[in-house]
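When a ligand or atom number is given, it counts from 1 through the structure's own listing order. Side-chain atoms are counted along with the backbone in the values below, which use heavy atoms only and exclude waters and symmetry mates.
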Amino acid sequence: MASESHPVVAVPADAERLRRLNDLLGLVAERNAFQRARLAGLVPLERLEDLARLPFTTKDDLVADQAASPPYGTNLTFPLERYTHLHQTSGTTGATLRVLDTPEDWAWWRRNLGIVFRAAGVGPADRVALAYSFGPYIQFWASYEGAQDVGAMVIALGGMDSPQRLTTIRDYGATTLLCTPTYAIHLARIAAQNDLRDALAPVERVVCTGEPGASIASVRRQIQLGWGARCLDHAGLSEVGSFAYPCDGCGGMHLREDEFVAEILDPETGEPVADGETGELVVTALARAGFPVIRYRTGDIVERNAEPCGARHPGRWLPQGILGRSDDMVVIRGMNVFPSAIEQTLREFEGVGEFRITFYSEPTAMDEVKLEVELARPLEARAIQAQLRQTLGLRVRIVPLKPGILPVQVGKARRVADLRPPRVERRARQEA
Ligand SMILES: [Zn+2]
């Protein structure tokens, strides 16, 4: 690690990370009611690896705590008056989770998003357009702060439709666009349809987050071709912080191991996966003391990769970024299927528009995958089917549609429907 360097990130030795982790654990075990019970008798740690002895934290744990002690719950290390920032996110069941930050923790967010921008090559000469709605969600505000941290000018695109956003980007000469990968593709398409291609010209880089995809080669290529700009990826969560910065040399992302202890675990067993295998990313933020999460199950599926990137940047390299969400993963006839893998294959073909994936059960109780996809050339369906069989090892039923039939998905895309009966019921039917 010591030989690796980056203009903006340096990962300290394990002894220093352990010291910081024990400082955090000691503080929260003393002052945080939610954590005290969970950590009793387990801290301090002797080695970094001993973190694996502590219990996981899930979003459901935090939602349940806030339901029992509304509205803010008990995962608060300090008295309420110490907190200055309130954001929210939605739980897996749709329940709202509130996340609070102290001025110190918010400054940490700002620094971390600043690192994302620096790693993406954004500086004082840049104008950063944020294609977000500026609701109560942390990503918008943290990105705003991060752009300020590097001295860039911020152009907020809240409250505008897509053509208005494009003309704003053009008129103000935005050099950098922040949005989800889905929206980046959508906006380039809107520009082509509305004779607004000149709006894309000033943009030098598209910095994506919010959903998997921007590190997947075919999606990145589509964004780069559509915008004539570089596509960079980063990742974070309201409950955790900004935990991965873009690799500007080799694509993908690097984990911020200077600020987080990261584990990559089998979602079923909780055991570490081997190099080359995929697992769920579990992170512990070393510095966010006000609303701490210890061993937080992000639900993000990544491939464990032992190789450094070609530029030898610090922090574990995730060449393909986040592959999918553990709650999106669908088991079809014993195979793990990520909708993002289907998207990756689709994006390798020209003339592919919107699509919809449906998982369903045949009366024989056999699970099937149906892919409805808008195709400029319907005959391409056969080639797509062959490619999907090769990459997924599954036969996918393809329904070609005329372009413009499916609803356009923007933001966090919802293109997947699972119509299969609950697993227990399916098993009973299979055994019958
Ligand atoms: Zn790198």
Side-chain angles (χ1 to χ4, degrees), residues 1-14 16-17 111-123 126 128 142-143 146-147 149-150 152 175-178 180-181 184 204-224 227 229-237 240-264 273 275-279 281-283 285-286 298 300-324 340 344:
M1 276 295 171
S3 67
E4 297 176 0
S5 66
H6 190 280
V8 294
V9 179
V11 179
D14 279 0
E16 170 64 9
R17 299 168 74 218
R111 278 197 307 280
N112 290 342
L113 265 298
I115 282 170
V116 167
F117 281 112
R118 285 187 180 86
V122 179
D126 286 295
V128 176
S143 301
D149 195 54
V150 301
T175 62
T176 303
L177 172 69
L178 259 76
T180 64
E204 295 165 20
R205 61 186 79 75
V206 180
V207 183
C208 291
T209 191
E211 58 183 28
S215 294
I216 294 172
S218 47
V219 176
R220 186 171 69 227
R221 192 165 55 237
Q222 192 177 6
I223 293 170
Q224 298 196 147
W227 282 86
R230 300 189 63 203
C231 173
L232 299 130
D233 197 8
H234 69 111
L237 285 173
V240 173
S242 169
F243 57 74
Y245 71 95
C247 178
D248 66 339
C250 310
M253 304 188 258
H254 290 278
L255 292 173
R256 285 288 310 281
E257 291 184 289
D258 53 331
E259 288 293 343
F260 298 87
V261 180
E263 304 167 81
I264 300 172
V273 299
D275 287 332
E277 291 181 2
T278 58
L281 184 64
V282 173
V283 293
L286 293 172
T298 63
D300 288 330
I301 300 291
V302 299
E303 182 180 332
R304 187 186 166 104
N305 168 50
E307 296 297 313
C309 78
R312 301 192 73 81
H313 294 140
R316 187 184 284 277
W317 185 35
L318 306 175
Q320 297 193 81
I322 292 163
L323 298 168
S340 52
Q344 176 181 7

Visitor: For residues Asp126 and Arg205, determine if any side-chain heavy atom of one lies less than 4.5 Å from a side-chain heavy atom of the other.
Guide: yes
Visitor: Between the side chains of Arg230 and Asp248, is the shortest nitrogen-to-carboxylate-oxygen separation below 4.0 Å, so that they form an ion pair?
Guide: no
Visitor: Determine how many protein N/O/S atoms sit closer than 2.8 Å to the Zn ion (ligand 1), leaving waters out since they are not shown.
Guide: 4
Visitor: Strictly under 6.0 Å, is that where the ring centroids of Tyr245 and His254 end up?
Guide: yes
Visitor: Give the minimum heavy-atom separation between Ser215 and Asp233, together with the two atoms involved.
Guide: OG-OD2, 2.5 Å
Visitor: Would you please say whether a donor-acceptor pair under 3.5 Å links the side chains of Ser242 and Asn112?
Guide: no
Visitor: For Trp317 versus Asn305, what's the shortest heavy-atom pair and its separation?
Guide: O-ND2, 3.3 Å
